[in-house]
Undergrad: 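The structure follows.
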Amino acid sequence: MDSHRRIFEAVTDLISEGISIDLVTVTNQMREKHLFKDESRDLEYITSLYKDTVPFQPLDYYVRRVKRVSDRRKYVEALNQAIDKVKIEPGENDSVFSLVEQSLMDISRQERSKGLRKVKDDANALIDYIKNVVAASQNGTGGINGLKTHFTGLDMATTGLKSHELMILAARPGNGKTTFALNIAANAALKERKTVVIFSLEMSRIELLLKLISADARIDSYALKAGTLTSAQMTQLKDSIGNITSASLYIDDSGYLTIQEFSARLRQLRTTEEVGLVIVDYLQLMSDPKAAMGGRQQEVANISRGLKQMAREVGCPIIALSQMNRSIENRSKDQRPQLSDLRESGAIEQDADIVCFIYREEMVKPPEELDPNKRGMAEIIIAKNRAGATADFPLMFNPKISRFDNVPL
């Protein structure tokens, strides 16, 4: 139905711009985008669609709209005054045009300079930042001024995950990237008391919760699923269920997720919660219908850019899990991952602030060639770190209990 197509186009445009959907916003969008065919009939139909919904008043949208209309009225007034000046102002044309230009510049200066600020305006914020860094260095936190993951090597290399950062976590299947991300999520929620949001496009919420509980209780996940637990393990399990379910954790396991839906759901949650960390499992399963016509490379580029933009907008780090190219398996000598191994790597590498790989030697070498010290070990490779140096560090990995742990010093 053509009317539905036009309404849907307006709604998706609003979602991509971060504007809440209601009767006023949709009709204004359709009017401005010239999507009405018969305005009175279309308005009547949209009203009939909306009448049974619960209205939500997105105040920020109306504030921006009033401001925009106000600015346009000022421009109209300035232009009318400019016309009068051109008609009656004595003197040479250059001086007349200069006066007109100056009056228009005065009106637009405030709007145009939104993104341009003198650095002296940042003096206080810069001093506060340095004070926080020094305080973090002196209070026993090791200079960690971002979100602590409680994985020592990662925290030391990054000084904690920052509020605007996009971190890409990649590994071949079976190397534990979902487990590592969930361990970070649990540490942020339980130890740092942050609100953590997990978007899972592959696993169900129950599967994720079982992995979280297994890691927290250090109980074999197979025994947990099979129900073959001892009385001591049952006690541990009850404690862990209490820990996990009392944490400020949100899980979205919709399965199909567009970058527009991701952004809209995150913005909606932000109205009631201060989000501390977002995890997306995983990037290549997201979609962007608007960019799909341009090919998969363009679609992934838009998704990657959208994730980075949301990290800045929401003000919290986002960890996005990523697949890797199969070409890594064709390298006979060194199968340690590198940036070019990221699937659709160009845009992902460009947008990411941090790129981490998980490498487990026991997954690529036959048992007879494996160094015994590498059994049960994983190497975390920080291949890109926009705000610091790259680094590698080891972790112990026990897939049976869905858990990574620091290597004891």
Side-chain angles (χ1 to χ4, degrees), residues 10-22 25 29 56-65 67-68 111-117 121-122 125 128-129 145-147 158 160-169 181 184-185 188-189 192 194-199 201 248-252 254 257-283 286-291 299-322 347-355 386-387:
V11 168
T12 54
D13 285 343
L14 290 170
I15 291 173
S16 66
E17 293 170 18
I19 298 172
S20 299
I21 308 303
D22 68 12
T25 60
Q29 185 74 4
F56 170 71
Q57 301 301 327
L59 184 59
D60 58 338
Y61 167 80
Y62 295 114
V63 169
R64 291 198 303 272
R65 185 165 181 82
K67 178 68 167 60
R68 184 171 61 179
E111 186 66 24
R112 288 183 181 180
S113 63
K114 266 185 178 177
L116 299 172
R117 296 172 52 189
D121 295 338
D122 298 315
D128 289 341
Y129 175 81
N145 52 37
L147 175 64
T158 62
L161 303 181
K162 309 305 184 300
S163 59
H164 59 279
E165 288 182 335
L166 171 63
M167 172 177 156
I168 299 296
L169 176 62
I184 294 174
E192 297 299 311
K194 299 293 184 181
T195 294
V196 178
V197 186
I198 302 170
F199 290 89
L201 286 81
S248 186
L249 275 167
Y250 290 82
I251 297 175
D252 184 326
S254 302
L257 186 69
T258 68
I259 188 63
Q260 291 83 10
E261 290 169 334
F262 165 81
S263 302
R265 291 172 193 178
L266 210 48
R267 289 185 182 113
Q268 183 179 10
L269 180 61
R270 192 184 60 164
T271 62
T272 58
E273 296 275 357
E274 183 177 347
V275 181
L277 175 67
V278 176
I279 291 173
V280 177
D281 185 10
Y282 56 90
L283 187 152
M286 294 184 77
S287 63
D288 183 356
K290 288 190 171 184
E299 186 175 14
V300 169
N302 276 30
I303 293 167
S304 175
R305 193 176 307 115
L307 291 172
K308 173 61 179 174
Q309 289 171 348
M310 285 308 296
R312 295 182 64 89
E313 181 181 328
V314 177
C316 76
I318 292 179
I319 299 176
L321 278 57
S322 175
I348 298 173
E349 180 184 341
Q350 177 180 329
D351 293 322
D353 298 287
I354 301 168
V355 178
R386 201 190 300 274

Undergrad: Taking side-chain hydrogen bond (donor to acceptor under 3.5 Å, both in side chains) as the test, write out the residues that go with Arg386, two or more places apart.
TA: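 In terms of side-chain hydrogen bond (donor to acceptor under 3.5 Å, both in side chains), with neighbours along the sequence ignored, Arg386 is linked to Asp353.
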
Undergrad: Would you compute the distance between atom CD of Gln260 and atom CG of Asn302 and round it to the nearest 0.5 angstrom?
TA: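 Here the rounded value is 8.5 Å.
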
Undergrad: Counting C-beta onward and ignoring hydrogens, is there a side-chain heavy-atom pair between Lys194 and Leu277 closer than 4.5 Å?
TA: no

Undergrad: Counting C-beta onward and ignoring hydrogens, is there a side-chain heavy-atom pair between Leu269 and Val197 closer than 4.5 Å?
TA: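 Leu269 reaches Val197 side chain to side chain.
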
Undergrad: Please give me the minimum heavy-atom distance between Pro317 and Gly276, naming the atom from each residue.
TA: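 The pair with the smallest heavy-atom distance is CD-O, 3.3 Å.
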
Undergrad: As an exercise, state the distance from CG of Asp252 to CD of Glu261, rounded to the nearest 0.5 Å.
TA: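 So the gap between those two atoms works out to 9.0 Å.
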
Undergrad: Measure the shortest side-chain to side-chain distance between Glu273 and Tyr250 over non-hydrogen atoms and say whether it is less than 4.5 angstrom.
TA: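 They are in side-chain contact.
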
Undergrad: Might you point out which heavy atoms bring Asp351 and Ala301 nearest each other, and give the distance in Å?
TA: OD2-O, 4.0 Å

Undergrad: Taking atom NZ of Lys308 as the centre, does the number of heavy atoms from other residues, nucleotides or ligands within less than 6.0 Å exceed 12?
TA: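 Above 12, so yes.
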
Undergrad: Could I get the full list of side-chain contact (heavy atoms from CB on, under 4.5 Å) partners for Ala311, not counting sequence neighbours?
TA: Ile318

Undergrad: Test of understanding: with side-chain hydrogen bond (donor to acceptor under 3.5 Å, both in side chains), list the residues that count as partners of Gln268, not counting sequence neighbours.
TA: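 Per chain and number, Gln268 pairs via side-chain hydrogen bond (donor to acceptor under 3.5 Å, both in side chains) with no residue.
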
Undergrad: Are the side chains of Leu283 and Leu307 in contact, using a 4.5 Å heavy-atom criterion?
TA: yes

Undergrad: Suppose we screen for side-chain hydrogen bond (donor to acceptor under 3.5 Å, both in side chains). Which residues come up paired with Asp281, at least two apart in sequence or across chains?
TA: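 Partners of Asp281 under the side-chain hydrogen bond (donor to acceptor under 3.5 Å, both in side chains) test: Thr178.
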
Undergrad: Ile319 and side chain to side chain contact (heavy atoms under 4.5 Å, CB included): which single residue from Val278, Leu161, Leu166, Val196 fits?
TA: Leu161

Undergrad: Taking Arg305 for the side chain and Val300 for the main chain, is one N or O donor matched with an acceptor at less than 3.5 Å?
TA: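 It does not hold such a pair.
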
Undergrad: Does the side chain of Ser254 come under 3.5 Å of the side chain of Arg265 through a donor N or O and an acceptor N or O?
TA: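 Yes, a side-chain donor-acceptor pair sits under 3.5 Å.
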
Undergrad: Using every non-hydrogen atom in the two residues, find where Ile279 and Ala181 come nearest and quote the distance to one decimal.
TA: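 That would be CD1-O, 3.2 Å.
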
Undergrad: Indicate yes or no: at least one non-hydrogen side-chain atom of Tyr282 is less than 4.5 angstrom from one of Leu201.
TA: no

Undergrad: Distance from Thr158 atom OG1 to Leu147 atom CG, nearest 0.5 Å?
TA: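 Answer for the OG1-CG pair, Thr158 versus Leu147, is 9.0 Å.
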
Undergrad: So which atom in Met310 and which in Ser263 form the shortest heavy-atom distance, rounded to 0.1 Å?
TA: CG-OG, 3.4 Å

Undergrad: At what distance, to the nearest 0.5 angstrom, does CG of Leu169 lie from CG of Leu321?
TA: 4.5 Å

Undergrad: Can you tell me how far the OG atom of Ser248 sits from the CD atom of Glu274, to the nearest 0.5 Å?
TA: 10.5 Å

Undergrad: By side-chain hydrogen bond (donor to acceptor under 3.5 Å, both in side chains), which residues pair with Gln309, not counting sequence neighbours?
TA: none

Undergrad: Partners of Ser287 by side-chain contact (heavy atoms from CB on, under 4.5 Å), sequence neighbours excluded?
TA: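 side-chain contact (heavy atoms from CB on, under 4.5 Å) list for Ser287, sorted by chain: Tyr256, Thr258, Pro289, Glu299.
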
Undergrad: Report the distance from atom SG of Cys316 to atom NZ of Lys162, rounding to the nearest 0.5 Å.
TA: 14.0 Å

